[in-house]
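Values below: every heavy atom of this structure, side chains too, minus hydrogens, waters and symmetry copies. Lettering of chains follows the sequences in order, A, B, ..., and the numbering in each one begins at 1.
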Amino acid sequence: MKILVPVKRVPDPATTIRVLPDGSGIATDNVKWVINPFDEIAIEEALRIKEKQGSGEVVLISVGQTAWQEQLRTGLAMGADRAILVKADTPLDTLAIARAIAKVASDEKPELIIIGKQAIDDDSNQIGQMLAEMLGWPQATFASKVELAGEKCTVVREVDGGLETVAFPMPAVITTDLRLNEPRYASLPGIMKARKKPLNEIAVDSLGVDLAPKLKIKTLNAPEKRQAGRKVASVEELVQVLHTEAKVI
Amino acid sequence: MDFELTDSQKEIVEGVRALCGRFPDEYWRGKDQRKEFPNEFYQAVAEAGYLGIAIPEEYGGSGLGITEGALVMKEVAYAGAMNAASSIHLGIFGLAPLIRHGSEEIKRRYLPRVISGQMHVSFAVTEPDAGNDITHIKTFARREGDYYIINGRKVFTTKAQEAHKMLLLTRTTPVEQVKKKTDGMTLFFADVDRNAIEVRELLKLGRHAVDTNMLFIDNLKVSAADLVGEEGRGFHTLLDGLNPERILIAAEAVGIGRSVVDRAVRYAKERIVFGRPIGQNQAIAHPLADAYAKLEVAELMMMKAAWLFDHNKPCGPEANIAKLRAAEAGFEACDRAVQTLGGYGYMQEYDVERFFRECRMLKIAPVSQEMVLNTISEHVLKLPRSY
């Protein structure tokens, strides 16, 4: 089985993010870049499926700049078989990225696309759903359990108030939730082998898809600084304050 | 001159960091308090293939150099200080004599098991009456047919509680009967056979998760096939492991130093006294800046020594100097971190005291700072030998 895993490069969750003074973006100096943690879960799931089945191919894909190779190499070191970097010299919006991935997917013909439910930088939560629509495939979002049996796939989804189990035929798109698995870290032999695995580059312009931006980020603002808390003397006062000041009860 | 790490080296560093990230401070604090060997960490390191980093690919290793080994050990010490480093340290450098001088059979039989983590290895060299004057060891191996019968005592043997095998240095000709004191010694890759060896754990200042022992060896029977190198050439065989060991120890000291400086800096930014973060006071800031600068210098020296070793160039003075400076810089950084945290620095919950205790060892082992200075005086400056 061939599984395609789209991977996004994002700032390390432990990095302190600084918004540029003009609000056009974040300061990228001293930022450590990593694979989007939800995509890392997607890679892990794809590898587990391959290992369980004893054969198959896990292909990573990124739509980004040359530097994104670093994250693809990390994914290859985890155990993916090969990677495709769709090279875009300038950042694209979500829809354009989904179109590019869908185009490559229609050539690669994977049985599954497994992707993080969202990227931790912009929290869009869109690519997986867009891919399913563009390819005309079933989708199972927020997966916390994935099981394959023949042509069928069963996914347990995390939904408000509980779990939902869905079954669908493949090819299909699955987006991963946090509790699906704990991703492995690359082993030393894995790191050494990753250097020799194929990492192909395709120019995004050569795909012939509409890349025109539909989304414009007007400005980014840093969240307001948290104010210190205050102590109240009694439960009565607490209730009073919650009622009159916070207006929550 | 190129000071940049290669892409693979950077990836190795990231890989080790990811692994170490699964073992937080609480893990190491708990292991140290309970004097428990860090089996989970050891297994994770083995499974990720790092124990084989410097072992040739034909025996299942990755065949990388001491530079990569040092980068790994720096990260390991950064995360878990010597409790982490000493649990795997020997697997990474200690088998150099075996790899260079061991028979094909020994290598094929044992190296894969060391890499997989199934087999722990100890280094039994130092004796109660022979430390830096290693030629005066008394442990004696007497040949009997296809076997050697060994008797003697060893001290400061790390991990002997876990070890299945040990690199054991013996005399096969008494020191009085050889022309050169360094002749007449023989190295074995011997079983730690509990029927013939009493392993007695020693209590120590720190690094409580990894045991240090005294060995009483009483008629230990070792097959002649387990002899490493040539009979009588054991001292020279062992020498191949010494420079890499100093380089790795330097890397570990730098890792510890960097860890405690980072911890102290974090604390100095957050701790408010007299209405401002204590790090705003130069009395706090300067010692940390100074510790950082010294660590940078020590790391440069360590990397130079590693580069020389990996390029098959002589690196004795450099490896020794790296160990000297790194042990000093690492321990000074620990002391300053404890001082920065004040009363909390002395408390186990804040971890820097653990780094402080563990780093102190590196000024003594594997060779004392004083003996390093002797080496530099004699072999680099060509001053008359003082002892």
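Enclosure of atom CZ in Arg18(A) is not indicated, since only 12 or fewer non-hydrogen atoms of other residues, nucleotides or ligands lie within 6.0 angstrom. Taking a 6.0 Å sphere around CD of Glu349(B), one finds it holds 12 or fewer heavy atoms contributed by other residues, nucleotides or ligands. Residue-environment remark: NZ (Lys197(A)) exceeds the threshold of 12 foreign heavy atoms within 6.0 Å. At most 12 heavy atoms of other shown residues, nucleotides or ligands fall within 6.0 angstrom of atom NZ in Lys193(A). Annotation for Leu220(A): atom CG counts as buried by contact number, over 12 foreign heavy atoms lying within 6.0 Å. Tyr27(B) OH: more than 12 foreign heavy atoms inside a 6.0 Å radius.
For Arg73(A), the part sitting under 4.5 Å from any heavy atom of chain B is the side chain, from C-beta outward, and nothing else. Within the 4.5 angstrom heavy-atom criterion, atoms from both the backbone and the side chain of Ile53(B) approach chain A. Looking at Ser8(B), the atoms closer than 4.5 Å to chain A (heavy atoms on both sides) sit in the backbone and in the side chain alike. In this structure, the portion of Ala186(A) lying under 4.5 Å from any heavy atom of chain B is its backbone and not its side chain.
Separation of atoms CD (Glu68(B)) and CD1 (Ile191(A)) is listed at 11.0 Å; rounding is to 0.5 Å.
In this structure, Pro189(A) and Ala48(B) approach most closely via the heavy-atom pair CD-O, 3.5 Å.
Within the 4.5 Å cutoff, the side chain of Tyr185(A) has no heavy atoms near those of the Glu14(B) side chain. Put simply, the side chain of Ile12(B) reaches to within 4.5 Å of the side chain of Met192(A), judged on heavy atoms. Inter-residue side-chain proximity for Leu188(A) and Leu64(B) is flagged as met; some heavy-atom pair is nearer than 4.5 Å. Asp7(B) places a side-chain heavy atom less than 4.5 Å from the side chain of Arg195(A).
If you tally non-hydrogen atom pairs under 4.5 Å between each of Glu11(B), Glu47(B), Glu57(B) and chain A, the highest count goes to Glu11(B).
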